[in-house]
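For reference, the structure discussed in these notes is given below.
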Amino acid sequence: VVVLAPSATITAPASVCGNSPHHAASVAEAGAGAAYVWTIGNGSITSGQGSRSIAWNASATGPVTLNVTVTSAGGCIVSDTHPITVQARPDATITAPASICGNTTGHTASVPDAGTEAQYMWGITNGTITAGFGSRSITWNAGPSGPITLTIAIANAADCLSSTSRQVTVTCVITDTDQDG
């Protein structure tokens with residue numbers, strides 16, 4: 001009787017974003033009675049330990065290393081290691097004034113450069129973006145009252161996403177003082 005050794009080749013992504021959840025890894029079915037023991041470096045296994053498929057989360061920095069040891073019902077033992085590159089998330093720190101007067105124009109906000117293929121998606125409450133919506137720097141006008149909230153979501157070339165918001169306090173209101181006379 002010829003006993004074939006089980007396969008332990010891990011199927012998993014080659015790279016992931018830092019601090020990202022809900023990844024999957026698996027190996028081929030090794031038959032009834034097989035045992036699967038997984039370990040991970042720079043991450044955490046969230047479910048599936050003891051089965052041929054696991055769910056896992058990546059740490060902030062890498063690389064992540066997945067290891068599996070498969071033992072068949074017949075006692076054959078094989079193992080595999082799969083390194084995974086961890087891509088950095090873009091810095092979404094918004095630089096903007098801490099406070100402004102309401103009904104004023106020409107304010108700016110920006111974030112650090114996330115690279116040539118980055119996508120920038122801005123939002124604002126109690127104000128209006130007037131220029132730069134898809135870039136790392138915008139020009140905006142303040143509404144009459146606050147607070148004003150600027151939001152940004154950035155996707156870099158590795159499709160890693162970061163998002164944040166920044167609140168700007170409205171400390172005074174500028175009104176139209178023109179009068180016919």
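Everything numeric here is computed off the predicted structure, so don't read it as measured data.
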Side-chain contact, heavy-atom cut-off 4.5 Å: [X] with [Y]?
X: Pro63; Y: Ile84; answer: no
X: Trp140; Y: Thr128; answer: no
X: Ile77; Y: Thr69; answer: yes
X: Val68; Y: Val37; answer: no
X: Ser26; Y: Thr11; answer: yes
X: Glu29; Y: Ser7; answer: no
X: His107; Y: Ile100; answer: yes
X: Asn103; Y: Val173; answer: yes

What closest approach, in Å, do [X] and [Y] show between heavy atoms, and which atom pair accounts for it?
X: Arg52; Y: Trp38; answer: O-CZ2, 3.4 Å
X: His82; Y: Ala12; answer: NE2-O, 3.3 Å
X: Ala142; Y: Ile148; answer: CB-CD1, 3.6 Å
X: Arg136; Y: Asp113; answer: NE-N, 3.3 Å
X: Asp80; Y: Ala8; answer: CB-O, 2.7 Å
X: Gly48; Y: Ser51; answer: O-OG, 2.6 Å

I'd like to know whether Ser163 forms a side-chain contact (heavy atoms from CB on, under 4.5 Å) with Met121, so could you lay out the CA-CA distance, the side-chain angles of the two residues, the decisive distance to 0.1 Å, and finally the verdict.
CA-CA 9 Å; Ser163 62; Met121 292 128 310; over 6 Å; no

Partner of Thr149 under side-chain contact (heavy atoms from CB on, under 4.5 Å), chosen from Ile124, Val168, Thr125, Asn126:
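Among Ile124, Val168, Thr125, Asn126, the one that satisfies the side-chain contact (heavy atoms from CB on, under 4.5 Å) with Thr149 is Thr125.
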
Main chain of [Y], side chain of [X]: is a donor-acceptor contact present, judged purely on distance under 3.5 Å?
X: Ser44; Y: Thr46; result: no
X: Thr139; Y: Ala131; result: no
X: Arg166; Y: Ile94; result: yes
X: Tyr120; Y: Ile138; result: no
X: Asn156; Y: Ala88; result: yes
X: Thr105; Y: Asn141; result: no
X: Ser59; Y: Asn42; result: yes
X: Asn57; Y: His22; result: yes

Under the side-chain contact (heavy atoms from CB on, under 4.5 Å) criterion, do Thr71 and Val78 qualify, and how do the steps go?
CA-CA 7 Å; Thr71 305; Val78 291; over 6 Å; no

Could you walk me through whether Val170 and Ser145 pass the side-chain contact (heavy atoms from CB on, under 4.5 Å) test, one step at a time?
CA-CA 6 Å; Val170 174; Ser145 62; 5.5 Å; no

When you compare the side chains of Asn67 and Thr81, does any donor N or O come within less than 3.5 Å of an acceptor on the partner?
yes

Let me confirm one number: the [atom1]-[atom2] distance from [X] to [Y], rounded to the nearest 0.5 Å.
X: Asp159; Y: Arg89; atom1: CG; atom2: CZ; answer: 11.0 Å
X: Gln87; Y: Ser15; atom1: CD; atom2: OG; answer: 4.5 Å
X: Ile54; Y: Ser47; atom1: CD1; atom2: OG; answer: 8.5 Å
X: Ser110; Y: Trp122; atom1: OG; atom2: CH2; answer: 6.5 Å

Run Thr93 and Val111 through side-chain contact (heavy atoms from CB on, under 4.5 Å) and show every step you take.
CA-CA 6 Å; Thr93 304; Val111 293; over 6 Å; no

If hydrophobic clusters are built from ILVMFWY residues whose side chains come within less than 4.5 Å, do Val86 and Ile10 share one?
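Per the 4.5 Å side-chain linkage, Val86 and Ile10 are co-clustered.
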
Cluster link Leu66 to Ile45, ILVMFWY, side chain under 4.5 Å
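Yes, same cluster.
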
